[in-house]
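Computed from a predicted structure; not experimentally measured. Just so we're on the same page: letters track the sequence lines, and every chain starts at 1. For the numbers below, each heavy atom of this structure counts, side chains included, while hydrogens, waters and symmetry mates do not.
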Number of protein chains: 2
Amino acid sequence: MTQHSSTTEQRPYHHGDLHSAIVGAALAVLSESQNTEFSLRELARRAGVSHNAPYKHFADKRELLAAVSAVGFELLAKQMTDATKDLDSPHERLAAIARAYVCGGVNNPALYRLMFGGYLTGQDDGRPPIERTAAEDMKALLVEAISNGALGRPIPNTTENTREIDGAILTFWSQMHGLTLLLVDRLVGPSEKMAELTESLLQGMLDGLANCIPAIPAGVWVGPPLAK
Amino acid sequence: MTQHSSTTEQRPYHHGDLHSAIVGAALAVLSESQNTEFSLRELARRAGVSHNAPYKHFADKRELLAAVSAVGFELLAKQMTDATKDLDSPHERLAAIARAYVCGGVNNPALYRLMFGGYLTGQDDGRPPIERTAAEDMKALLVEAISNGALGRPIPNTTENTREIDGAILTFWSQMHGLTLLLVDRLVGPSEKMAELTESLLQGMLDGLANCIPAIPAGVWVGPPLAK
DNA sequence: AAAAAATGTTGACATGCGCAACATGAGAAT
DNA sequence: ATTCTCATGTTGCGCATGTCAACATTTTTT
């Protein structure tokens with residue numbers, strides 16, 4: 001007779017949606033502790049299940065972290081689309097994307113690091129497909145803003161422009177990615193100035209790109225690795 | 001009488017320089033496995049000492065990793081100074097710095113991630129002082145190249161130029177940092193094209209900076225956090 | 001030479017990962 | 001409806017790790 005609470009309330013043997021519960025707990029712990037080194041057992045405890053229940057949903061810790069990372073990508077993609085929702089000017093849209101991107105990272109460093117920190121990259125195969133999707137959504141947003149004239153002039157999204165567009169995206173992305181991580185690692189700061197910094201760098205970048213968009217060398221991809 | 005080998009050879013009770021041996025082993029394991037999740041015990045095994053010997057040199061795993069990271073910063077700084085050794089033109093010097101930086105990261109992703117991945121950032125205090133030093137060496141290199149005219153015109157390293165110079169450095173650093181990590185995470189690639197990509201981005205960046213250097217907002221630092 | 005400090009070793013404990021065997025309950029097959 | 005089956009949850013285990021405490025061996029100081 002396992003009766004924990006004083007009331008007659010009794011948790012059913014089956015949780016109902018343990019998968020989400022575990023991922024949710026992981027997100028919570030991650031954002032509290034800002035540390036990837038929590039234990040699966042801790043998550044199980046939080047979800048109120050036994051220490052091994054999670055293994056019915058995730059082969060191992062790595063797989064759980066991959067799921068968490070995927071949610072992170074979804075969140076980030078959503079923040080970016082939300083931020084552009086009410087904007088028309090391509091320039092404004094691009095700026096909003098930049099802000100949302102950096103902001104997303106700075107507001108939850110541990111999650112951002114999990115997403116981009118190569119907990120997954122290191123080993124064998126590739127990243128979970130959901131990450132590809134989010135990355136592609138994000139890329140689509142950028143392509144749209146750029147081809148609509150965010151760099152001062154429209155650049156139609158045609159084949160002969162791909163290398164130019166990819167060059168612009170790479171410039172943008174690596175600049176924002178770098179800024180985010182430097183902020184997160186407190187190698188520049190303070191991060192309260194995030195918005196201003198983003199603005200400055202973005203502005204400088206746009207001025208630069210307006211004059212000269214670096215063309216991507218042949219054979220280079222921008223975005224998640226091509227499916228084989 | 002603990003005699004392990006068949007010969008009369010006997011390792012002395014004291015290792016001699018276990019500190020370096022452990023750090024060395026860590027660097028080796030790190031670059032083999034590309035994974036920060038090796039165990040202290042494994043390092044001890046490699047160094048041929050008992051599983052607890054490392055604790056006489058490092059308070060805990062974190063401290064060991066900090067030491068490894070510090071070596072990483074020294075290596076990177078050295079690669080950059082070496083790369084500029086025989087160059088005079090400020091522009092060439094800057095390009096060489098960029099190549100060396102990205103190359104250093106791509107050639108040992110796990111080390112680079114350890115250095116910048118905030119294994120240290122997360123917790124309480126700051127990073128070990130040696131990292132500050134290396135970061136400042138690197139910054140000095142950049143300041144020198146920039147003030148000598150890497151952006152097309154000399155910008156004397158005076159107080160009224162600090163915000164401009166810091167702006168340029170932030171642009172440069174975050175761009176290279178971002179590119180490095182995107183390459184490392186295989187979100188752009190392939191990394192064999194590293195050199196060309198670096199060149200393209202750098203060129204675009206320089207053109208941009210030549211026209212308009214983003215000024216750093218007041219109250220922002222670039223480089224490791226100011227000592228309190 | 002004796003005392004103190006540094007460095008290595010052994011053993012122990014708590015915690016975590018992940019396996020295997022078992023328990024429980026929900027839905028399919030009859 | 002009853003039974004079978006399978007997904008899901010539980011308990012208990014083996015093994016590895018981080019780290020502490022107690023002890024051993026050198027080296028350094030005094």
Side-chain angles (χ1 to χ4, degrees), chain A residues 1-5 9-26 28-30 32-33 35-68 110 114 119-120 122-124, chain B residues 1-5 8-26 28-30 32-33 35-69 110 114 119-120 122-124:
Chain A
M1 178 140 303
T2 35
Q3 197 72 24
H4 296 118
S5 75
E9 171 220 346
Q10 174 143 6
R11 248 178 300 121
Y13 192 88
H14 285 290
H15 178 286
D17 191 1
L18 189 53
H19 188 101
S20 318
I22 295 287
V23 172
V29 175
L30 195 58
E32 286 164 23
S33 71
N35 190 336
T36 328
E37 279 168 0
F38 51 79
S39 64
L40 272 199
R41 284 160 123 97
E42 163 75 14
L43 303 184
R45 254 168 258 140
R46 292 211 180 198
V49 293
S50 83
H51 68 98
N52 247 358
Y55 283 88
K56 300 293 166 172
H57 299 270
F58 307 96
D60 52 19
K61 190 176 176 180
R62 190 182 156 74
E63 197 169 296
L64 178 265
L65 288 179
V68 174
L114 172 61
Y119 195 92
L120 316 161
Q123 319 291 22
D124 32 16
Chain B
M1 183 132 302
T2 35
Q3 197 73 22
H4 295 118
S5 77
T8 326
E9 172 222 343
Q10 172 143 6
R11 245 177 304 109
Y13 191 88
H14 278 52
H15 177 285
D17 192 3
L18 189 54
H19 187 101
S20 318
I22 294 288
V23 173
V29 175
L30 195 57
E32 286 164 23
S33 70
N35 190 338
T36 326
E37 280 170 359
F38 51 80
S39 66
L40 272 200
R41 285 159 119 102
E42 163 76 13
L43 302 185
R45 253 168 260 140
R46 292 212 178 197
V49 292
S50 83
H51 66 102
N52 247 354
Y55 282 87
K56 300 294 164 169
H57 299 270
F58 307 96
D60 53 19
K61 190 175 177 181
R62 189 184 155 74
E63 199 169 295
L64 177 265
L65 288 179
V68 174
S69 163
L114 173 61
Y119 194 93
L120 316 161
Q123 318 292 24
D124 32 18

For nucleotides 12-16 of chain D, tabulate all protein N/O to nucleotide N/O atom pairs closer than 3.5 Å, reporting atom names and distance.
from, atom 1, to, atom 2, distance (Å)
dG12(D), O6, Asn52(A), ND2, 3.0

- Note on the structure: Sorted by position of nearest nucleotide on DNA chain D, 5' first, the leading residue of Tyr55(B) and Pro54(A) is Pro54(A)
Please state how far atom [atom1] in [X] lies from atom [atom2] in [N], giving the value in whole angstrom units.
{"X": "Leu40(B)", "N": "dG8(C)", "atom1": "CG", "atom2": "P", "answer": "14 Å"}
{"X": "His57(B)", "N": "dA5(C)", "atom1": "NE2", "atom2": "C1'", "answer": "13 Å"}
{"X": "Glu42(A)", "N": "dC17(C)", "atom1": "CD", "atom2": "C1'", "answer": "15 Å"}
{"X": "Leu18(A)", "N": "dG9(D)", "atom1": "CG", "atom2": "P", "answer": "5 Å"}
{"X": "Leu43(B)", "N": "dG8(C)", "atom1": "CG", "atom2": "C1'", "answer": "16 Å"}
{"X": "Asp17(B)", "N": "dT26(D)", "atom1": "CG", "atom2": "P", "answer": "19 Å"}
{"X": "Leu64(A)", "N": "dC17(C)", "atom1": "CG", "atom2": "C1'", "answer": "13 Å"}
{"X": "Ile22(A)", "N": "dT8(D)", "atom1": "CD1", "atom2": "P", "answer": "13 Å"}

- Task: Considering non-hydrogen atoms only, spot the tightest contact between Asp60(A) and Tyr55(A) and give its length.
- Result: CA-CE2, 4.2 Å
- Apply salt bridge (charged side-chain N to carboxylate O under 4.0 Å, His left out) to the pair Arg62(B) and Glu37(A), showing each step before the final yes or no. CA-CA 12 Å; Arg62(B) 189 184 155 74; Glu37(A) 279 168 0; over 6 Å; no
- Message: Counting C-beta onward and ignoring hydrogens, is there a side-chain heavy-atom pair between Lys56(A) and Leu18(A) closer than 4.5 Å?
- Response: no
- Of the candidates dT9(C), dC17(C), dT10(D), the side chain of Val49(B) sits closest to dT9(C)
- Item | Residue Lys56(A), side-chain atoms from C-beta onward, closest of dA21(C), dT19(D), dT7(C) | dA21(C)
Rounded to the nearest 0.5 Å, how far does [atom2] of [Y] lie from [atom1] of [X]?
{"X": "Ile22(B)", "Y": "Asp17(B)", "atom1": "CD1", "atom2": "CG", "answer": "10.5 Å"}
{"X": "His51(A)", "Y": "Ser39(A)", "atom1": "NE2", "atom2": "OG", "answer": "11.5 Å"}
{"X": "Lys61(A)", "Y": "Arg41(A)", "atom1": "NZ", "atom2": "CZ", "answer": "12.0 Å"}
{"X": "Leu65(A)", "Y": "Leu40(A)", "atom1": "CG", "atom2": "CG", "answer": "8.0 Å"}

- Do Lys61(B) and dG18(D) have a side chain to base donor-acceptor pair shorter than 3.5 Å? no
